[in-house]
There are 2 protein chains.
Amino acid sequence: MTRSGEFELDADEIVAAAIVILQERGLDALSMRNVADRLGVSPMPLYTRVGNKAALIDAVADHLLVDLAPAAGAGEPWPDYAERWCRELRHRLKDTPDSRLYLGAAREPYVEASRPLIAALRDGGLSAEAAVQACRLLMWATVGFVAMEQGSTPPAAPRARRDALSGGNPTGVTPEEADELFDLQIGFLTAGIAGMHGGDATGG
Amino acid sequence: MTRSGEFELDADEIVAAAIVILQERGLDALSMRNVADRLGVSPMPLYTRVGNKAALIDAVADHLLVDLAPAAGAGEPWPDYAERWCRELRHRLKDTPDSRLYLGAAREPYVEASRPLIAALRDGGLSAEAAVQACRLLMWATVGFVAMEQGSTPPAAPRARRDALSGGNPTGVTPEEADELFDLQIGFLTAGIAGMHGGDATGG
DNA sequence: ACCTGAACACCGTTCAAGT
DNA sequence: ACCTGAACACCGTTCAAGT
């Protein structure tokens with residue numbers, strides 16, 4: 001039994017404090033000194049526990065990107081599940097306060113999110129290789145779409161000289177148009193995958 | 001006739017110096033002081049000419065993103081041109097040293113790049129509205145794909161604890177696989193557009 | 001062993017002072 | 001009018017010194 005520490009500062013608390021600052025003031029305002037101040041310590045303990053700022057941001061990203069994908073329903077046809085998977089992924093990524101967090105993220109959250117979709121595609125009749133490729137296609141399309149939709153640093157960095165017609169993305173698309181565009185894209189890709197592999201679209 | 005200035009420091013020279021630093025050391029290493037030092041001046045003249053750092057980065061992005069799209073060939077069927085347009089756009093974006101530059105970029109470079117593709121789609125029989133939507137679909141898919149492919153800050157920020165299996169993107173995909181994935185995506189989207197609008201795919 | 005405070009080498013930005 | 005140098009309020013990171 002280890003002696004019960006009076007200072008229970010561990011990596012999770014540091015990450016939690018970082019996330020609060022991230023959500024309140026944005027990624028650009030997140031600093032090691034910020035986090036240390038909020039925890040009432042000097043910066044040094046952060047370095048001994050999480051390494052450095054890049055590692056802290058990685059840990060924050062990992063924390064924000066857990067359970068990224070929904071589970072498949074029983075008997076759900078894979079094209080239905082694939083589209084639902086993409087929509088849910090998009091929704092979760094849009095809640096992430098800065099696209100750098102998921103664009104620079106480690107591989108694990110994406111690998112984990114891929115598993116149920118790959119399984120559903122295999123159930124639908126695709127080969128292992130085809131399922132992996134189809135999953136990657138949908139994932140890249142979805143993550144990339146949201147990155148484009150969010151722009152690089154939207155919320156906490158109100159930039160000058162930018163006429164904010166639609167609020168962030170560089171092409172002046174309204175949220176409704178973005179939704180429509182996303183559904184169109186995912187529909188075309190799902191149809192392409194189905195057409196290419198001729199899988200049984202009625203599920204297991 | 002204005003008197004010939006001895007100091008011919010203008011905004012273009014500032015942008016040019018910034019681009020050199022950007023290409024040598026990456027976006028994170030670009031600073032107002034850096035640029036001023038390279039030009040042999042104090043930081044103040046930069047502020048009077050370009051405003052602030054965000055405006056400088058905007059100007060750098062504008063400069064890097066001119067002439068983003070290839071022109072259509074005479075009599076080139078629109079699906080061929082659309083795929084070539086996407087591939088060329090991807091190529092140009094991959095040459096941009098940091099995804100933040102095109103994800104946070106102003107609207108103009110994208111509007112300009114859209115024009116010839118929209119014209120080609122209209123020539124192919126799509127309505128104005130359908131052509132705009134199809135162009136957006138391909139553009140978002142392409143820009144998003146490259147953002148995912150490049151990760152957030154690949155070259156000049158070698159991060160620790162990242163096993164560099166494939167060198168940047170968060171999903172462990174080799175360059176060859178990325179090329180294949182991109183062609184697949186663009187092919188599916190082009191087919192979807194053609195199928196939706198039943199345009200005459202043989203061009204004008 | 002683990003913390004604090006000071007320090008180093010940077011930032012973006014501004015301002016008084018020079019010319 | 002336009003520049004410079006110093007300054008202010010920050011950074012990430014490290015290190016000597018304390019307990």
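Reckoned from all heavy atoms, side chains included, excluding hydrogens, waters and symmetry mates. Note that this is a predicted model, so its numbers are computed, not measured.
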Problem - Pairwise distance OG1(T142(B)) to CG(L68(B)) - rounded to 0.5 angstrom - result: 10.0 Å
Practice task
In whole angstrom, give me the gap between the P atoms of dA9(D) and dA9(C).
Solution key: 22 Å
Problem - Within 45° cone and under 6.0 Å: R87(A) NZ/CZ vs F182(A) ring - result: no
Handout entry: R136(B) (side chain) donor-acceptor with S114(B) (main chain) under 3.5 angstrom
Key = no
Could you list all N or O pairs between the protein and nucleotides 7-11 of chain D that sit under 3.5 Å apart?
from, atom 1, to, atom 2, distance (Å)
dA7(D), N6, R33(B), NH2, 3.1
dC11(D), OP1, S31(A), OG, 3.4

Handout entry: Length of the line joining R49(B):CZ and dT14(C):C1', which is rounded to integer Å
Key = 17 Å
Problem - Criterion side-chain contact (heavy atoms from CB on, under 4.5 Å) against L27(A), the qualifying member of T96(A), L22(A), V60(A) - result: L22(A)
Practice task
Look at atom CG of D67(B) and say whether more than 12 heavy atoms of other residues, nucleotides or ligands are closer to it than 6.0 Å.
Solution key: no
Practice task
Would you mind reading off the distance between D28(B) atom CG and dT13(D) atom C1', rounded to a whole angstrom?
Solution key: 16 Å
Completion exercise
Numerically ordered, the residues 37-47 of chain A set in heavy-atom contact under 4.0 Å with DNA chain D is P43(A), M44(A), Y47(A)
Handout entry: Salt-bridge contact D98(B)-R100(A) (side-chain N to carboxylate O under 4.0 Å)
Key = no
Exercise for the section: Apply the test side chain to side chain donor-acceptor pair (under 3.5 Å) to residues E177(B) and Q133(A): give CA-CA distance (whole Å), side-chain angles for both, the deciding distance (0.1 Å), then the verdict. Expected result: CA-CA 9 Å; E177(B) 288 170 331; Q133(A) 189 180 47; over 6 Å; no
Completion exercise
Value for NZ (K94(B)) from CD (E149(B)), rounded to nearest 0.5 Å, stands at 4.5 Å
Practice task
Go through V146(B) and S99(B) one step at a time and tell me if the side-chain contact (heavy atoms from CB on, under 4.5 Å) criterion holds.
Solution key: CA-CA 8 Å; V146(B) 181; S99(B) 67; over 6 Å; no
Completion exercise
Rounded to the nearest 0.5 Å, the CG atom of L189(A) sits from the CG atom of L189(B) at a distance of 5.0 Å
Fill in the blank from the handout: Each base of DNA chain D marked ( ) or [ ] if paired in-strand (Watson-Crick or G-U under 3.5 Å), | if paired to another strand and . if unpaired gives ||.|||||...|||||.||
